[in-house]
Every structure is written in C-alpha cells, then in structure tokens.
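Written out below as structure tokens is the structure these notes cover.
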There are 2 protein chains.
Amino acid sequence: MTLTAERKRQEAQADFNNDLGQCPARQLLEAISSKWVTLVMLALADGQLRHSELRRVIPGASQKMLTSTLRSLERDGLVSRLVTASVPVRTDYELTPLGHSLLGVVYRMKDWAEANMDDVSHARMEHDRRHLASTR
Amino acid sequence: MTLTAERKRQEAQADFNNDLGQCPARQLLEAISSKWVTLVMLALADGQLRHSELRRVIPGASQKMLTSTLRSLERDGLVSRLVTASVPVRTDYELTPLGHSLLGVVYRMKDWAEANMDDVSHARMEHDRRHLASTR
DNA sequence: CTGTATCCTCTAAGATACTG
DNA sequence: CAGTATCTTAGAGGATACAG
C-alpha cells in the first residue's frame, strides 16, 4: 500500500517544520513580522517612553497588543522595562543595545522598501490588469 | 456622553491602520514574512527551478502553499514564471533582478540573526526562568 | 507535471471589561 | 496609569480530491 510512502513524507515535513523553527533567520523574521514590533522599536529609537506615551505615538495599537508586543520584545532582550514604584505607577520602556542593533536591520529593510516598492506596486498593477483581462 | 470621544478614537485607529497599509516598509514586511517566501527565494538564489524541484528542495511546503507563494512573488515582480507548453507541461521559476536585490536584504537579516540570536535565546531563557520562578 | 477547488483547523489580533 | 482576563473573529496555512 502507499501508506508507507505517505507516512514518510509527512514525517519529513514534520522534521522540516521543526528545523524551520530552529533556523535563526526564521526566528528573527517571526519576531519582527508581528504587526507592531517595528512601530514600537521605531518609537523608542530616540529614547525611552512611557506606556501611555507609546499609545499616543502609535494610535492604532490597542493596549492589549501594545502590552503583548512589549512583553515579547522584553523577553527577547530587545527592550527593557523600567518600573518606578510610585502612585500611580510609572513604567518606561527603552531599547537595549541589542534592540538598537536590530533597529539598524529594520532601517535597511525600510531603505530597500522605499527604493523599490514603486517597482513592486507597478508589477502588481500590471499583473492584476492582465489577470482581470483574462477573465473578461 | 462619551460616545463621541470613543467614536473619534476608533476613526483615528482606522485611519492609522490605513496609513500602515500604505507604508512601504510594512508592505515589504508583510510580503516577506509569509512562511515560505524567503525559503523559495533562497532556493532560487542559484538559478531557475521547476515546480517539482522546488517541492523537493523545500520538503515542508504543501503544493498549495508553494503555488500561492510563487503566485504572490510573481505578482510582486520578484519571481518570473516560464511555461514550456509540452506534454506534460514544464514550468520554471527564477528570480527577477528585483528579486535578487531583495535577496540581498534577506541575507542581511540572516547575518544579523546568526550573529545575535544567541543573545536573544539567552535573554529568553533568563526571562522565562524568572517568570517561572515567580509562579512557584 | 502543474495546478485549482474545497473543506477544516488553529491562532494572531481586536473588542470589552475588570483589577492593583 | 499600567496591566490582566475573556470572548470573538478573520485569515493563514494544511489535507484532500480532482482537472488540464
């Protein structure tokens, strides 16, 4: 029966997916591709900000997403959290050196995007135009 | 009533999310953060490959995901598709010049990741250890 | 061989409400 | 002010079957 081959294939896929998770580049990609991480990092590029200031600077972020984004950045050692035990509590966030170095990579992506997204947009329009024409 | 303020806030969020979609850097991030795009681009770095060859080189990809990834890359002008009308059909994929230039950016991310993911992993372990300790 | 169509699952992200 | 807890939803990704 073909079950054996099928089984092998599925195991190979599982292994591969596992390897993928180990790949440093993929881990990085997953870390920064979350919708808000780059925005938070950019916001913190010039210095530390409070939780409420971040919300003001990034109007689109719900406080839930902001918090969870900050937590994951903190966990990865990219952002540090400074709590001042007063009433009311004050917490500031700032980029760590590691965070700043990642910021460099983010800027490079930004540069490529700004230099080339016109070409991409154009390609998309061309592609969509052709696809639309074929269905007419 | 507070509805007016609430309404304004929600509109602000909608506008912001809209702006986000316009941002070139974010478009790029969304384009390459899909699970398979970088793998496909890396696979095509050395030259053109057939659909079936790509499946072999990237064992984890279902043919559905491979096809849809290739379609989106093609739409963005990063990959070109060469169909040879024979029996059976033969189709090859290769990176466009634009695709190659993006590959450069991907390599930079890869370099950062390989240089710094140890620090990130370490930060994660430290963070998790502390968090675990607090729940004990 | 190369692809399309369908169905299904799982999770990221958002809305809302509540606590120290 | 800062943060947590719960519910809901939209979409990405996967399994499978079929078609040119």
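To find a chain, count down the sequence lines: A is the first, B the second, and so on, and within it residues start at 1. Since we're looking at a predicted model, the values are computed, not measured.
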Whole angstroms only, please: what is the [atom1]-[atom2] distance between [X] and [N]?
X	N	atom1	atom2	result
A/D92	D/dA2	CG	P	8 Å
A/L82	D/dA2	CG	C1'	14 Å
A/L49	D/dC1	CG	P	15 Å
B/H51	C/dT4	NE2	P	9 Å
A/E30	C/dA12	CD	C1'	12 Å
B/M65	D/dT16	CE	P	17 Å
B/L66	D/dT16	CG	P	18 Å
B/I58	D/dG13	CD1	P	14 Å

In terms of the nearest nucleotide of DNA chain C, which residue is placed more toward the 5' end: A/G60 or A/V89?
-> A/G60
Respond yes when some side-chain nitrogen or oxygen of [X] is under 4.0 Å from OP1 or OP2 of [N], and no when none is.
X	N	result
B/T67	C/dT4	no
A/R90	D/dG3	no
B/R55	C/dC1	no
A/S52	D/dA2	yes
B/Y93	C/dG3	yes
A/R71	D/dG3	yes

Identify whether any heavy atom of B/K35 sits under 4.0 Å from a base atom; if not, whether one sits that close to sugar-phosphate; answer base, sugar-phosphate or nothing.
->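 Since only primed, P, OP1 and OP2 atoms lie under 4.0 Å of B/K35, the category is sugar-phosphate.
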Minimum heavy-atom separation for [X] and [Y], please, with both atom names.
X	Y	answer
B/L66	B/A61	CB-CB, 4.4 Å
A/L98	B/W112	O-CZ2, 3.9 Å
B/M41	B/L103	CE-N, 3.8 Å

Nearest to side-chain heavy atoms of [X], which nucleotide of [options]:
X	options	result
B/K64	D/dT4, C/dG3, D/dG13	D/dG13
A/R50	D/dG3, D/dA17, D/dC1	D/dC1
B/T91	D/dG3, C/dG14, C/dT2	C/dT2
A/Q63	C/dA13, C/dG3, C/dA17	C/dA17

So with a 6.0 Å cut-off around NE2 of A/H100, is the heavy-atom count from everything else above 12?
->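 Yes, because the 6.0 Å sphere around NE2 of A/H100 holds more than 12 heavy atoms from other groups.
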For the residue pair A/T91 and A/R50, establish whether any side-chain heavy-atom pair is separated by less than 4.5 Å.
->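 No, side chains not in contact.
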